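Hydrogens, waters and symmetry mates play no part in the numbers below; they use all other heavy atoms, side chains included. Keep in mind it's a predicted model, so treat the numbers as computed, not measured.
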Protein chains: 2
Amino acid sequence: MSRPEAKPSEKSGSYHHGDLRRALINAARVSLKEKGIDKLSLREVARNTGVSHAAAYHHFRDKTSLVAAVAVTTFSELESVMQRAFDEQAVDAVARLRSLAHTYVEFALEHPDEFRLMFSPQLRDDTVLTEVEKAGRATYVVLIAALSVVQEEGRLATDNLERAAITVWAQVHGLASLMLDGPLYRNAQSEAGREALIAASVEGLLTGVLNE
Amino acid sequence: MSRPEAKPSEKSGSYHHGDLRRALINAARVSLKEKGIDKLSLREVARNTGVSHAAAYHHFRDKTSLVAAVAVTTFSELESVMQRAFDEQAVDAVARLRSLAHTYVEFALEHPDEFRLMFSPQLRDDTVLTEVEKAGRATYVVLIAALSVVQEEGRLATDNLERAAITVWAQVHGLASLMLDGPLYRNAQSEAGREALIAASVEGLLTGVLNE
DNA sequence: TTCAGGTCTTGACATCGGTAAGATAATACC
DNA sequence: GGTATTATCTTACCGATGTCAAGACCTGAA
């Protein structure tokens, strides 16, 4: 529309930044990796972007809004990583599902603070809920797609696709959370420990807890 | 030893509080319920306890240490709630397990911010990790006990008890997280929605995702 | 060329976590 | 019983944060 979209990002010398919004989001992600979510500060993000702290408020209503923007971009990254895992693993539907589960947990372990941020309670705020939900739903779609292929091959234990999806998501999300911030923390410090936990969790998920 | 254990709590008039440590923990839990974890402030907790903010530092190294103390008491509460669920439900081992799973998720939904606090990343700090881990392990023990009864009845799908425990915990924890702070948030706003989600998740967990 | 808009800055405010120095009360010791 | 030691609590600070208000600056449209 009326937005000329500005030269992307590299306009740092001038008064007007060019694409400050995107620059702030990127700086926030860097800061997130370096300092963790607890110490993520709007002011520092602005400083690292070479801009005054108040400048950010022309692009984001408040800190939560910046956090939400970061969450949205990270969700879409997770989505594409999962989509790729789905596409690459073509042995059979179950192998694909397994690969998806591994990918989700590994993404969380590789980007712990971004993962925490995506599920930060502050994002349940009305002003940002909608956009974050939309981003989350896109990720969900990949999972549903994978499961429906499993279903087509007649390997799903239930005809309730949604039930299966909830079970899978809860499993991988729970495992990631427990490994990052819960009682599985210590076990997840070694590569071997991580792999063992993921394998156990995923096999248990696919097989179920009870026999018959 | 030399500690006469002070008259419990109701000594608010005097200069020395009596049992300020416990009082601060309780005030923190109240504040948690009212304002949420994001706005939990050591200073406000101290104010609500009728004491200066610096007084807290004679009982807790820092805010993280207070948070850890709250986490420990909440873990032990969760443990006793689960133990009770295990004891009360005596139909059979599977019913007990089911009841335990429901109890965990319901506890999280009833005490959202305490639940979040129990799994707050700041508790992975070296100075408090050990005590929090110990509290978490006690909860784990209840789960293991329930599962080993299931195993004795020959109904466990695997002979790997720990694998089953990880699967169960990841499932209930993941579901709770997704309902509180994730894409299942909206679905969890109604009582009917909550029950449907829990039922789906638990049944999926017990049955498994794949057939055969 | 002017001016209206968005963009950025400086400066202020309340609040936070944390520390230091000192006042006060409770206990241990003689 | 009286004194000294120790634990507890207070007041006063520090640097940092999120947010807002006022104004300076730049850019594009009239």
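- Here D:dT19 presents its P atom at 16 Å from NE2 of A:His59, a figure rounded to the nearest Å.
- With sequence neighbours left out, A:Phe107 forms a ring pair (Phe, Tyr, Trp, His ring centres under 6.0 Å) with A:His111.
- Scored by the ring pair (Phe, Tyr, Trp, His ring centres under 6.0 Å) test, B:Phe75 finds B:Phe119 as partners (sequence neighbours excluded).
- As rounded to whole Å, 11 Å separates atom P of D:dT19 from atom CG of A:Asp125.
- Taking atom CG on B:Asp19 and atom P on C:dA26, their separation rounds to 15 Å, with Å as the unit.
- Checked against salt bridge (Lys or Arg N to Asp or Glu O under 4.0 Å), B:Lys39 has no partners two or more places apart in sequence or in another chain.
- Distances shorter than 4.0 Å separate none of the side-chain N or O atoms of B:His58 from OP1 or OP2 on D:dT10.
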Could you pull out the protein-nucleic contacts involving nucleotides 17-20 of chain C (nitrogen or oxygen on both sides, under 3.5 Å)?
| unit_1 | atom_1 | unit_2 | atom_2 | d |
| --- | --- | --- | --- | --- |
| C:dG17 | OP1 | B:Leu42 | N | 3.0 |
| C:dG17 | OP1 | B:Lys63 | NZ | 3.1 |
| C:dG17 | OP2 | B:Leu42 | N | 3.1 |
| C:dG17 | OP2 | B:Arg43 | N | 3.2 |
| C:dG17 | N7 | B:Arg43 | NH1 | 2.4 |
| C:dG17 | O6 | B:Arg43 | NH1 | 2.9 |
| C:dG18 | OP2 | B:Tyr57 | OH | 3.0 |
| C:dG18 | OP2 | B:Lys63 | N | 2.8 |
| C:dG18 | O6 | B:Arg43 | NH1 | 3.0 |
| C:dG18 | O6 | B:His53 | NE2 | 2.7 |

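- The aromatic rings of B:His173 and B:Phe115 sit tilted, their planes meeting at an angle between 30° and 60°.
- Listed by chain and residue number, A:Glu191 satisfy the side chain to side chain donor-acceptor pair (under 3.5 Å) test with A:Arg194 (two or more places apart in sequence, or in another chain).
- Rounded to whole angstrom, the span from the CG atom of A:Asp38 across to the C1' atom of D:dT17 amounts to 14 Å.
- If you measure from atom CZ of B:Arg47 to atom P of C:dA14, you get 14 Å, rounded to the nearest angstrom.
- As a whole-Å value, the separation of B:Gln122 CD from C:dC16 C1' is 14 Å.
- Partners of B:Arg124 under the salt bridge (Lys or Arg N to Asp or Glu O under 4.0 Å) rule, at least two apart in sequence or in another chain, do not exist in this structure.
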